Amino acid sequence: MALDRSFYARPTVEVARALLGKVIRHARASARIVEVEAYLGANDPAAHSYRGLTPRTRVIFGPPGHAYVYLIYGMHHCLNIVAEPAGVAGCVLIRAVEPLRGIAAPSNGPGKLTRALGITLAHYGADLTRGPLTVHEPSAAETFAIAVSPRIGITQASDLPLRFFIAGNPFVSRSPARPLAQGKGPWKPEDV
DNA sequence: GTAATGATCTCT
DNA sequence: GAGATCATTACC
């Protein structure tokens, strides 16, 4: 039973954090979400939806619980999950997953996990509450600490703490270009 | 129609 | 540190 649409109809940051530890399934492959980034609509220059509704971003403004897939650098697909109620922009970039079943290739990066799971532009707008691509509650309850950092690979709003990942998980993609400023001293994963 | 840009990855 | 490679967007 996939997660209900109401799970996604919440503020983007809330959905991003809630997605950690959830299980994404496609065909016979399944994987655990270990790293995500929140992309807000308004007030977030780094978000594709920042400049308003275009043919590409229309799904981000639509009903939650759908997939926003796009091609980056002409060769890599990135998977996002639409959050917020219909009419409000907001999505969560899936940055890394931990293979659970049916996955051979590495999946510790946005472009890598789409390749490992077989996700392409054909999944643009796919409904994640039903169909071949779905998100589920993990079979066994688990506890973990959520760490926060700035988002990776962007040039705008690169200081906002909108990247969330499972602290210490070995499948997290990499360290942020710039550590999250939090008082003084070197950055460390922050329990939340 | 044309040009710039990029939420990446791999190799050097 | 550079190159691959193309959909999308902004501007003419």
Side-chain angles (χ1 to χ4, degrees), chain A residues 8 11-20 22 24 26 29 31 33-62 64-84 88-99 103-126 128 133 135 146-166 169-180 187:
Chain A
Y8 304 99
T12 306
V13 169
E14 203 176 305
V15 174
R17 300 170 51 123
L19 278 172
L20 290 176
K22 296 293 187 285
I24 184 166
H26 181 229
I33 299 174
V34 300
E35 178 184 353
V36 298
E37 283 178 1
Y39 284 87
L40 317 178
N43 306 321
D44 183 5
H48 289 167
S49 51
Y50 180 64
R51 286 165 219 291
L53 203 161
T54 67
R56 179 175 66 159
T57 61
R58 101 186 126 68
V59 69
I60 306 176
F61 291 82
H66 291 255
Y68 166 51
V69 183
Y70 66 94
L71 184 66
I72 187 68
Y73 295 114
M75 54 187 79
H76 300 292
H77 299 282
C78 288
L79 171 65
N80 296 249
I81 297 179
V82 176
E84 306 276 356
V88 182
C91 64
V92 178
L93 170 68
I94 309 301
R95 280 199 59 88
V97 299
E98 174 180 342
I103 296 178
S107 60
N108 60 326
K112 293 196 221 173
L113 75 88
T114 52
R115 196 151 70 87
L117 286 168
I119 294 169
T120 69
L121 285 180
H123 297 89
Y124 180 92
L128 300 176
L133 181 61
V135 182
I146 298 178
V148 185
S149 87
R151 292 172 293 185
I152 290 177
I154 56 173
T155 56
Q156 313 257 327
S158 57
D159 286 335
L160 299 182
L162 293 178
R163 172 176 178 251
F164 308 95
F165 55 99
I166 294 181
N169 187 284
F171 295 92
V172 166
S173 62
R174 62 171 163 128
S175 299
R178 202 178 314 173
L180 173 63
W187 173 85

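Remember, predicted model here, so these are calculated numbers, not experimental data. Chain naming here is simple, since letters A, B, ... match the order of the sequence lines and numbering starts at 1 in each.
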### Message
Name the residue from Leu79(A), Leu121(A), Ile94(A) that meets the side chain to side chain contact (heavy atoms under 4.5 Å, CB included) definition with Thr114(A).
### Response
Leu79(A)

### Message
Once ring-ring contact (aromatic ring centres under 6.0 Å, His included) is applied, do any residues pair with Phe171(A), and if so which ones, sequence neighbours excluded?
### Response
none

### Message
Expected output is a numbered-order residue list: members of residues 105-115 of chain A with a heavy atom under 4.0 Å from any atom of DNA chain B. What is it?
### Response
Gly109(A), Pro110(A), Gly111(A), Lys112(A)

### Task
Start with the C-alpha gap between His48(A) and Tyr70(A), add the side-chain angles, then the distance that decides, and say whether ring pair (Phe, Tyr, Trp, His ring centres under 6.0 Å) holds.
CA-CA 10 Å; His48(A) 289 167; Tyr70(A) 66 94; 4.7 Å; yes

#### Entry: Watson-Crick and G-U pairing of DNA chain C written in dot-bracket, each distance under 3.5 angstrom, with | for inter-strand partners
||||.||||||.

#### Entry: Heavy-atom side-chain proximity of Leu93(A) to Tyr68(A) below 4.5 angstrom
no

#### Entry: side chain to side chain contact (heavy atoms under 4.5 Å, CB included) against Ile103(A), all qualifying residues, sequence neighbours excluded
Ala29(A), Ala31(A), Pro99(A), Ala116(A), Leu117(A)

### Task
Please find the earliest and latest nucleotides of DNA chain C, in the 5' to 3' direction, that have an atom within less than 4.0 Å of any heavy atom of chain A.
dA4(C) to dA10(C)

### Task
Check side chain to side chain contact (heavy atoms under 4.5 Å, CB included) between Glu84(A) and all other residues, then give those that pass, not counting sequence neighbours.
Pro11(A), Thr12(A), Val88(A)

### Query
Looking at residues at least two apart in the chain, or sitting in another chain, which of them share a ring-ring contact (aromatic ring centres under 6.0 Å, His included) with His77(A)?
none

### Query
Restricting to pairs with a member in residues 46-60 of chain A, which pass salt bridge (charged side-chain N to carboxylate O under 4.0 Å, His left out), not counting sequence neighbours?
none

### Query
Across the strands shown, which category fits Leu93(A) at heavy-atom distances under 4.0 angstrom: base, sugar-phosphate, nothing?
base

### Test item: Ser173(A) side-chain N/O and Pro110(A) main-chain N/O as donor-acceptor pair under 3.5 Å
no

### Message
Holding to side-chain hydrogen bond (donor to acceptor under 3.5 Å, both in side chains), I want the full list of residues that pass it with Thr120(A), two or more places apart in sequence or in another chain.
### Response
none

### Summary
Per the under-4.0 Å heavy-atom filter, residues of residues 34-48 of chain A near DNA chain C come out as none

#### Entry: Positional range of nucleotides in DNA chain B within the contact set of chain A, heavy-atom, under 4.0 Å
dG6(B) to dT10(B)

### Main-chain N/O of Val97(A) paired to Ser107(A) side chain as donor or acceptor, under 3.5 Å
yes

### Query
Of all residues at least two apart in sequence or in a different chain, which pass the salt bridge (Lys or Arg N to Asp or Glu O under 4.0 Å) check with Lys22(A)?
Glu137(A)

### Query
Below 4.5 Å, heavy atoms only, C-beta onward: do Val92(A) and Tyr8(A) meet side chain to side chain?
no

### Query
Are any of the side-chain nitrogens in Glu37(A) or Arg151(A) under 4.0 Å away from the carboxylate oxygens of its partner?
no

### Close side-chain approach of Ile24(A) to Leu133(A), heavy-atom, < 4.5 Å
yes

